[in-house]
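Input: a single structure, listed below in structure tokens.
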Amino acid sequence: MDDSTYSMVIESAEKLFSDRGGKDFDPALWAAVEEAGFPLALLSEDRGGYGLSAREAFAPVRVAAAHGVALPLGETLLANWVLGAADLDPIEGPAALAWDGKAAVPFGRFLKTVVQLCETDAGLAVSVLHPRAEDWQPALNYAGEARDTLTLAAQAKPDAHIACAPVVLRAAMAMLRAVQIAGTTDAVAAMCINYCNEREQFGRPLSKHQAIQHQLAVLATQGCAAAVAADMAVAAFDRALEQSDPFVLSAAAAKVRAAEAATTVSSISHQVHGAIGFSEEYPLHRLTCRLWSWRDEDGSEAHWAKHLADWAVSLQSGGHLWPALTACDLREAT
């Protein structure tokens, strides 16, 4: 594992996304993201990418989430990864994966390309689409970000097929949400600590009160749990196509744990901030609204918990145990 590359990616992302948070898509910021090469990070150099590991490639996604940046960076990263797996050329501009049928597409109206997926007898069909403005039915998630529905009059012709179970790509999107939740809980924890150190009550900072200290400790442990869960899923993503079961189960567990953390962290952060936490002018509101949205998107906590339960039941019915993550995998995740 090359920590120098990881550190360089983090540093670049911090410089790019610092103080660029908001709820609206920023074309100028997206142009800077493309110039930095982040959307192509997972592709090999012979396919026009940078050949980074999943840990390195998803690091900017986590940083962007921590700063409250509203861009489909993770979605475009995964869309290009799917195109690479299908032996198709990468695309320019913002993109996202979409399943055949009426489903919400992240940042739909702002996308240049949609990589549509459809289950067929020949495998998972991949269609590269360039929707027009009138092809979108607009909608918003709880955080006010576009989650539009793609409405096409006719079935798109497949451009390629990949030998990949649909659950792997659904798990990849769940992993993406877990990564974003992990980054956001870190930012919320830092915001709460700073506020409690500065705000005084009964003649001393809030952070000196035992009840507040207990809440901050719970908040920190929830954030750490979300981060470790997300890191383990990202570590398994590098072999998602070759060893799909370990990745899917890691991603499912990550989404469940991150969703639980999102609920607890949001609750505590608003409690320690009081009424100010619900003000739209205060950045906490923007971050917690995203936590509430991401915990339900791409499979809720209950959905992926059921997936894990079904897997456990299958073991009792004679199924095979998926290979455990090795100690090396765990070191890569932390």
Side-chain angles (χ1 to χ4, degrees), residues 1-17 25-65 69 71-98 105-108 110-118 123-131 156-164 168-169 171-173 175-176 179-180 234-244 247 332:
M1 179 173 60
D2 188 353
D3 281 332
S4 63
T5 300
Y6 180 76
S7 298
M8 288 174 59
V9 171
I10 290 288
E11 183 180 357
S12 297
E14 287 286 354
K15 290 180 179 179
L16 185 59
F17 296 129
F25 178 84
D26 184 346
L29 182 56
W30 179 260
V33 166
E34 286 200 309
E35 185 177 353
F38 292 156
L40 301 174
L42 284 172
L43 297 179
S44 61
E45 293 184 9
D46 61 344
R47 298 203 66 85
Y50 297 92
L52 299 186
S53 68
R55 177 175 180 261
E56 296 160 346
F58 283 98
V61 175
R62 187 164 172 171
V63 173
V69 172
L71 290 179
L73 173 55
E75 289 84 353
T76 306
L77 194 66
L78 287 175
N80 276 317
W81 177 74
V82 169
L83 293 176
D87 201 26
L88 296 173
D89 293 332
I91 43 84
E92 294 182 357
L97 299 176
V105 181
F107 297 93
F110 303 108
L111 302 179
K112 183 177 180 180
T113 305
V114 171
V115 178
Q116 190 177 62
L117 307 170
C118 181
L124 198 58
V126 178
S127 303
V128 181
L129 310 177
H130 303 287
K157 182 180 179 180
D159 293 292
H161 290 81
I162 56 174
C164 175
V168 174
L169 299 185
M173 288 300 301
M175 177 200 69
L176 170 61
V179 169
Q180 292 174 311
V234 169
F237 179 80
D238 282 323
R239 299 181 295 276
L241 295 179
E242 296 80 19
Q243 299 179 23
S244 59
F247 166 66
E332 290 181 357

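Along the sequence shown, residues carry numbers from 1.
Sorted by first and then second residue, the salt bridge (Lys or Arg N to Asp or Glu O under 4.0 Å) pairs involving residues 74-96 (not counting sequence neighbours) are Arg47-Asp87, Glu75-Arg177.
Between Pro39 and Val33 the shortest heavy-atom distance is CD-O, 3.6 Å. The nearest pair of heavy atoms linking Pro131 to Val114 is CG-CG2, 3.7 Å. Annotation for Leu43 and Pro90: closest pair CD1-CB, 3.6 Å, computed over non-hydrogen atoms. Between Leu16 and Ala32, the shortest heavy-atom contact is CD1-CB, 3.5 Å. Of all the heavy atoms in Val126 and Ala86, the pair that sits closest is CG2-CB, 4.3 Å. When all heavy atoms are compared, the tightest approach of Phe58 to Val179 is O-CG1, 4.0 Å.
Atoms CG and CE, from Leu169 and Met175 in turn, are 10.5 Å apart once rounded to the nearest 0.5 Å. With values rounded to the nearest 0.5 angstrom, Leu129 atom CG is found 11.0 Å from Leu111 atom CG. To the nearest 0.5 Å, the span separating OG1 on Thr76 from CG on Leu42 amounts to 11.5 Å. Leu77 CG to Leu176 CG: the interatomic distance, rounded to the nearest 0.5 Å, is 8.5 Å.
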Candidate pair Val82 and Leu117, rule side chain to side chain contact (heavy atoms under 4.5 Å, CB included), full reasoning: CA-CA 10 Å; Val82 169; Leu117 307 170; 4.1 Å; yes
Side chain to side chain contact (heavy atoms under 4.5 Å, CB included) between Phe38 and Ser12, intermediate numbers included: CA-CA 10 Å; Phe38 292 156; Ser12 297; 4.2 Å; yes
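Side-chain atoms of Ser44 never come within 3.5 Å of backbone atoms of Gly51 as a donor-acceptor pair (strictly under, hydrogens ignored). Side-chain N or O atoms of Asn80 include none that pairs as donor or acceptor with a backbone N or O of Leu40 at under 3.5 Å. The backbone N or O of Gly93 sits less than 3.5 Å from a side-chain atom of Glu34, completing a donor-acceptor pair.
Checked against a 6.0 Å centroid threshold, the rings of Trp81 and Phe237 count as neighbours.
Residues Lys112 and Ile91 form no side-chain contact, since every pair of their non-hydrogen atoms from C-beta on lies 4.5 Å or further apart. At least one side-chain heavy atom of Pro72 sits under 4.5 Å from a side-chain heavy atom of Phe25. Within the 4.5 Å cutoff, the side chain of Tyr50 has no heavy atoms near those of the Val9 side chain. Looking at heavy atoms from C-beta onward, Phe107 lies out of side-chain contact with Leu71 at the 4.5 angstrom threshold.
With sequence neighbours left out, the side chain to side chain donor-acceptor pair (under 3.5 Å) criterion links Asp159 to no other residue.
The environment of Glu45 atom CD is sparse: at most 12 non-hydrogen atoms of other residues, nucleotides or ligands sit within 6.0 angstrom.
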